[in-house]
Number of protein chains: 2
Amino acid sequence: MTKHYRPLLEELNITYPQYLVLLVLWEKDRISVKALGKRLFLDSGTLTPMLKRMEEHGLVKRERSKEDERIVEVVLTEQGKQTEKQAEQIPLKFIEQTNLDVEEAIQLKRILNKMLVQLDTE
Amino acid sequence: MTKHYRPLLEELNITYPQYLVLLVLWEKDRISVKALGKRLFLDSGTLTPMLKRMEEHGLVKRERSKEDERIVEVVLTEQGKQTEKQAEQIPLKFIEQTNLDVEEAIQLKRILNKMLVQLDTE
DNA sequence: CACAATTAAATTGCGAACAATCTATTTGTA
DNA sequence: TACAAATAGATTGTTCGCAATTTAATTGTG
């Protein structure tokens with residue numbers, strides 16, 4: 001996915017895993033590292049350095065929660081919000097490139113999700 | 001895949017990508033890096049260091065072809081061959097863990113392959 | 001309250017994927 | 001034959017995924 005999304009994401013100057021983080025934040029623009037990891041099946045060993053890189057590029061901010069200082073909340077910057085518009089057409093463009101039928105794409109998502117949830121809970 | 005194959009491959013002391021290389025070699029126990037890369041959708045930047053690690057662990061040998069010295073052929077060692085028997089039950093064990101029906105597993109493979117070939121040829 | 005257990009992130013270290021580039025060999029062509 | 005183009009791997013540098021461990025804060029229990 002990373003390789004084949006690259007040309008689509010190149011002008012936004014982000015990678016595919018970073019794009020996944022933005023997808024979550026565009027839904028809810030403040031989320032803890034923990035919750036983000038749960039959504040994306042990633043741990044802090046992956047997310048911490050990745051979020052730091054995204055912060056350096058001005059896409060997100062990382063803020064320690066005042067109520068519970070163990071928690072780091074990831075917040076969209078203005079630039080991070082703006083990027084959503086530029087990324088609007090990416091999912092469609094990617095689906096086109098795969099040459100999958102709509103039913104196949106739906107099946108693929110369903111089966112992979114079933115598998116992933118199963119593997120992750122047992 | 002790497003994460004969830006890990007417990008199954010732990011006693012063989014190999015990773016999932018290394019297991020994929022062995023699967024190819026168990027079919028044909030001498031193959032060029034180029035041909036191996038084509039089978040696994042990987043390039044020399046990934047394979048060269050990986051094959052060196054496998055060589056250090058005594059699973060394969062890397063031999064420059066006499067006829068064309070640009071080519072490196074990967075060959076199974078005796079230990080590499082032996083490992084096949086120990087790995088016999090792994091695919092079944094994995095499928096069980098996924099909790100997918102047979103039809104779902106077949107669909108998944110078919111769709112992913114269609115997608116991958118398409119993305120890789122265009 | 002004291003202090004052990006739990007929790008959230010961060011850190012360390014390794015394997016892997018890949019872009020870009022480099023080196024060495026072979027092939028094709030003027 | 002000389003030399004450019006093509007080919008196969010190797011190398012360098014970046015990002016990612018994750019296991020294992022560490023650090024710091026919070027929670028639970030005697």
Side-chain angles (χ1 to χ4, degrees), chain A residues 1-22 30-57 59-75 116 119-120, chain B residues 1-22 30-57 59-75 116 119-120:
Chain A
M1 301 301 281
T2 301
K3 178 165 109 185
H4 295 291
Y5 260 96
R6 187 186 304 277
L8 301 174
L9 295 169
E10 205 149 51
E11 52 189 312
L12 304 185
N13 205 31
I14 56 174
T15 64
Y16 179 63
Q18 291 172 13
Y19 171 64
L20 296 182
V21 168
L22 289 180
R30 172 178 292 266
I31 189 173
S32 70
V33 171
K34 175 81 174 174
L36 188 58
K38 196 167 182 183
R39 272 290 296 271
L40 299 177
F41 299 89
L42 295 171
D43 71 1
S44 68
T46 301
L47 287 173
T48 298
M50 195 169 123
L51 293 169
K52 283 181 179 172
R53 283 190 293 272
M54 292 176 78
E55 191 170 36
E56 278 172 23
H57 284 87
L59 294 164
V60 301
K61 266 186 303 185
R62 294 160 60 254
E63 299 176 352
R64 283 274 165 196
S65 163
K66 282 274 158 53
E67 302 81 55
D68 184 342
E69 294 201 359
R70 290 172 304 180
I71 295 174
V72 168
E73 295 183 317
V74 186
V75 193
L116 203 55
L119 288 174
D120 228 69
Chain B
M1 299 300 282
T2 301
K3 178 165 107 183
H4 295 291
Y5 261 96
R6 187 187 306 275
L8 301 173
L9 295 169
E10 205 149 50
E11 53 190 311
L12 303 185
N13 205 32
I14 56 174
T15 65
Y16 179 64
Q18 291 173 14
Y19 171 65
L20 296 182
V21 168
L22 289 179
R30 171 178 292 267
I31 190 174
S32 68
V33 171
K34 175 79 175 175
L36 188 58
K38 195 168 182 183
R39 273 290 296 271
L40 300 178
F41 299 88
L42 295 172
D43 71 1
S44 69
T46 302
L47 286 173
T48 297
M50 192 169 128
L51 293 169
K52 283 180 178 172
R53 283 189 293 271
M54 293 177 77
E55 191 169 36
E56 278 171 22
H57 285 85
L59 294 165
V60 301
K61 266 186 303 185
R62 293 160 62 252
E63 299 176 352
R64 284 274 165 193
S65 162
K66 282 275 158 49
E67 302 82 52
D68 184 342
E69 294 200 0
R70 289 170 304 181
I71 296 174
V72 168
E73 295 184 318
V74 186
V75 193
L116 204 54
L119 287 174
D120 228 69

Segment of DNA chain C, first to last nucleotide, that comes within the 4.0 Å heavy-atom reach of chain A: C/dT7 to C/dA19
Distance, rounded to the nearest Å, where A/Glu56 contributes CD and D/dT14 contributes C1': 13 Å
Going by the rule ring pair (Phe, Tyr, Trp, His ring centres under 6.0 Å), which residues pair with B/Tyr16 if we only count those two or more places apart in sequence or in a different chain? B/Tyr5
Do B/Ser44 side-chain atoms and B/Leu47 backbone N/O form a donor-acceptor pair below 3.5 Å? no
Any side-chain hydrogen bond (donor to acceptor under 3.5 Å, both in side chains) involving residues 47-57 of chain A? Give me the pairs, sequence neighbours left out, ordered by first then second residue. A/Glu55-A/Arg62
Rounded to whole angstroms, how far apart are CG on B/Leu51 and P on D/dA10? 8 Å
Value in whole Å for how far the C1' atom of D/dT15 lies from OH of A/Tyr16: 15 Å
Could you walk me through whether B/Ile71 and B/Glu73 pass side chain to side chain contact (heavy atoms under 4.5 Å, CB included), step by step? CA-CA 6 Å; B/Ile71 296 174; B/Glu73 295 184 318; 4.0 Å; yes
Those residues that, when tested against A/Leu40, pass side chain to side chain contact (heavy atoms under 4.5 Å, CB included) (two or more places apart): A/Leu20, A/Val21, A/Val24, A/Leu36, A/Leu42
Non-neighbouring partners of A/Glu63 that pass side chain to side chain contact (heavy atoms under 4.5 Å, CB included), sequence neighbours left out: A/Arg30, A/Lys61, A/Val75
What nucleic acid atoms does A/Thr2 come within less than 4.0 Å of, heavy atoms only: base, sugar-phosphate, or nothing? nothing
A/Gln18 or B/Arg62, whichever maps to the more 5' nucleotide of DNA chain D: B/Arg62
Nucleotides 18-27 of chain D: protein proximity per nucleotide (B base, S sugar-phosphate only, - neither; heavy atom, under 4.0 Å): BB-----BS-
So which atom in A/Arg70 and which in A/Asp68 form the shortest heavy-atom distance, rounded to 0.1 Å? NH2-OD2, 2.8 Å
Electrostatic pair A/Lys38:A/Asp120 at N-O distance under 4.0 angstrom: no
